[in-house]
Amino acid sequence: IFFRGHSANSWLQMTVSAANFAEMTAKVASLKQEIENLKTGGNPVTNADLDTLWLMLCAIVVFFMQTGFTMLECGSCRSKNVVNIVFKNSMDACCAALTWWAVGWALAYGGDTVAGGRNVFIGGGEFFLASSGHFPNTAFAGWFFQWAFAATTATIISGAIAERCTVKGYIIVSIVMTALIYPVVVHWVWSGAGWLSAFCDTTSFGRVGTHGMIDFAGSGVVHLTGGVGAFVGALIIGPRRGRFGPSEESAEEKQFRENRYRPHNQVLICTGTLILWLGWYGFNAGSTLMLSANASLIAAKVCVTTTLAAGAGGITTVLMSRMFMGHFDVNYMMNGILGGLVSVTAPCSVVEPWAAAVIGVIGGVVFYGFSRLLLKLKIDDVLCASGVHGACGIWGVIAVGLFATKENLVSAYGATDPTVYGLFYGGGGEQLGVQLLGIVAILVWVGALSALVFGVLKVTGQLRVKAEEEDIGLDRSEHGGGAFQLGSPRATPPPMNPLKVSPTAAAAEEGRIDVQDV
């Protein structure tokens, strides 16, 4: 303690032998080097554990989004169909677990982890996580994370065809979506061999564009896929009984109709939306797939861009509702938040914060316009899932080609001195062209297969419940009882007529006014 500098060193030399001193010096030098290695590169074992834990926690957060979807959908439908919504969303998770294990993962990523017969269109091998040999322990976290995404994609469709789809028909749709339709899109854009993938092994497979299609967390892969399925489903199954009336109906009848089909619980809608917003941080930030090698810095920035887009989208739509509808509409605000989140999901890692806010604003406008268009076309998408996920998903994919910066491509995708990036930053139009090509490919693939599945179910009578079952509610017709038992069960619902004028029998028969209990 009392020696300094050279005197301390001399004291040590006097008290230990020269050999021991040399050995100690070498050990100190080795410890210094190990400390430096930890500071710069990190301990490989520690990094692997940290990355695995990060992916597992984010997957759990993404799976919790199923709770948000369920609450949002329950609040948006009528009270007589709440149990049916809970059942279908829970079935999504169950079906996705088995189909993703048996087939989905293999078609999406088969051949990436264990050698298999993959190609640019579809994965090969790793069926049941076993068909190609031993599935490595290092890949289980990735499977878990991607399963949560697959379940989310299927659930998007649930809200669009709510209140009139059979349980059997919906389960078939969910299975086909998670076993075939969605995995192929994943392979194209996110696998190591996909023809649109930014992660494609270009030494063995061909890829479109310099970087491929950039979709960091799934505006196109997840949301556009689910949104297209939702649109096709709502179109083929048709609107709920009495949802749209004839053009000559009176203003009083039209107002009664609008009130009758309004969401039954705004609190559930708001709570579900906020849970989804929370889950989106696992969705977007978790798509770094790791925390080591400065990926934590990218995840932090993604959280910022995600937050700004959500806030901007919500404010935009609530202001538009005040401007065009005369009041601050909570439903539009909640959907605006979701529209902003969907819009920023693809570009969240490659855009600056100011651009994320702009993307959220435009996402809110896109949602509002598309939702009004659906009403004009009399397409009954109960949650406007095709607007939130489909239309805003398209916008999110396009936004990459406009706002992606050179620096962000380097940090998020490891690009080396890129010359192709966002159009607004002088990166040319190539990336925008690749993004548009990806949109078209997803629209064609998902649209065609969804139309086939829904069409076959409709022709065979397995898609829609009977009229009388729809009238009494799917809770009673499919599940044996309603969600809310506040008093003694009623054998038959009483009639309800809030209008002072009585609808005629003819009007009731043709669906202009349906006076069944809501």
Side-chain angles (χ1 to χ4, degrees), residues 70 73-74 76-92 95 154-155 157-177 229-246 249 253 256-257 260-264 374 378-383 385 450-485 489-497 503-518:
T70 301
E73 292 177 29
C74 286
S76 298
C77 73
R78 290 170 291 177
S79 60
K80 63 182 180 180
N81 297 301
V82 168
V83 173
N84 183 254
I85 293 295
V86 172
F87 177 84
K88 288 177 179 176
N89 283 20
S90 300
M91 282 299 298
D92 279 331
C95 291
T155 301
I157 300 175
S158 171
I161 56 177
E163 301 197 333
R164 71 268 202 205
C165 183
T166 65
V167 169
K168 182 190 300 183
Y170 182 75
I171 291 175
I172 292 173
V173 170
S174 181
I175 290 174
V176 175
M177 178 60 68
F231 179 82
V232 172
L235 183 64
I236 292 178
I237 198 173
R240 291 165 288 177
R241 275 172 46 83
R243 175 63 184 89
F244 300 110
E249 73 176 344
E253 289 176 338
F256 168 64
R257 189 184 307 280
R260 176 160 189 266
Y261 287 91
R262 282 184 64 83
H264 91 277
L374 288 178
K378 295 186 176 181
I379 297 175
D380 188 17
D381 182 343
V382 180
L383 268 77
S450 297
L452 178 63
V453 174
F454 279 107
V456 170
L457 289 172
K458 183 173 184 178
V459 169
T460 57
Q462 302 300 313
L463 181 60
R464 184 160 184 154
V465 299
K466 297 177 182 179
E468 56 270 24
E469 294 175 342
E470 184 178 343
D471 287 341
I472 66 173
L474 302 191
D475 289 358
R476 289 180 177 174
S477 64
E478 296 271 24
H479 306 286
F484 307 108
Q485 301 294 337
R490 299 178 303 190
T492 55
M496 183 190 72
N497 186 3
T504 64
E509 282 187 9
E510 67 184 27
R512 291 176 60 189
I513 293 183
D514 184 354
V515 294
Q516 292 289 336
D517 183 22
V518 297

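Please read all numbers here as calculations on a predicted model, not as lab measurements.
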Looking at Arg78, is its backbone amide N or carbonyl O close enough to the side chain of Glu163 to form a donor-acceptor pair, meaning the two atoms are under 3.5 Å apart?
yes
Would you compute the distance between atom CD of Glu478 and atom NZ of Lys168 and round it to the nearest 0.5 angstrom?
10.0 Å
With a 4.5 Å heavy-atom cut-off, do Phe454 and Ile161 have their side chains touching?
yes
Locate the shortest heavy-atom distance separating Leu474 from Arg164; write the atom from each residue and the value.
CD1-N, 3.8 Å
Give a yes or no answer on whether the side chain of Asp475 reaches the backbone of Asn84 with a donor-acceptor pair at less than 3.5 Å.
yes
Quick check: are there more than 12 heavy atoms from other residues, nucleotides or ligands sitting under 6.0 Å from NZ of Lys378?
yes
Given side chains that start at C-beta, do those of Tyr261 and Val382 come closer than 4.5 Å, heavy atoms only?
no
Can you give me the closest heavy-atom contact between Ala162 and Ile85, atom names plus distance?
CB-CD1, 3.7 Å
For a quick test of reading the model, state the closest non-hydrogen atom pair linking Leu457 to Gly169 and the distance between them.
CD1-O, 3.6 Å
Taking side chain as C-beta onward, heavy atoms only, is His479 less than 4.5 Å from Val167?
yes
Taking the side chain as every heavy atom from C-beta outward, state whether Arg240 and Asn81 have any pair of such atoms under 4.5 Å apart.
no
Kindly determine whether Val83 and Arg476 satisfy side-chain contact (heavy atoms from CB on, under 4.5 Å), including the steps that lead there.
CA-CA 9 Å; Val83 173; Arg476 289 180 177 174; over 6 Å; no
Backbone N/O of Ile236 and side chain of Lys458: donor-acceptor pair under 3.5 Å:
yes
Rounded at 0.5 Å granularity, tell me how far SG in Cys77 sits from CZ in Arg262.
14.5 Å
For the student: nearest non-hydrogen atoms of His264 and Cys74, plus distance:
CE1-O, 3.0 Å
Applying side chain to side chain donor-acceptor pair (under 3.5 Å), can you list everything that pairs with Arg464, at least two apart in sequence or on another chain?
Glu470
Could you check whether any side-chain heavy atom of Met91 comes within less than 4.5 Å of a side-chain heavy atom of Ser174, counting everything from C-beta outward?
no
Locate the shortest heavy-atom distance separating Ser450 from Gly229; write the atom from each residue and the value.
OG-CA, 3.7 Å
Can you tell me if Lys80 uses its side chain to pair, donor with acceptor, with the backbone of Asp471 under 3.5 Å?
yes
Please check this pair: side chain of Thr155 against backbone of Asn89, looking for a donor-acceptor N/O pair closer than 3.5 Å.
no
Tell me, do Ile157 and Lys88 make a side-chain contact under 4.5 Å, heavy atoms counted?
no
Measure across Tyr170 and Ala154 and return the closest heavy-atom pair with its distance rounded to 0.1 Å.
OH-O, 3.3 Å
Measuring only between side-chain heavy atoms, which start at C-beta, is Leu463 closer than 4.5 Å to Cys165?
yes
What's the spacing between Ile172 CD1 and Thr166 OG1 if we round to 0.5 Å?
7.5 Å
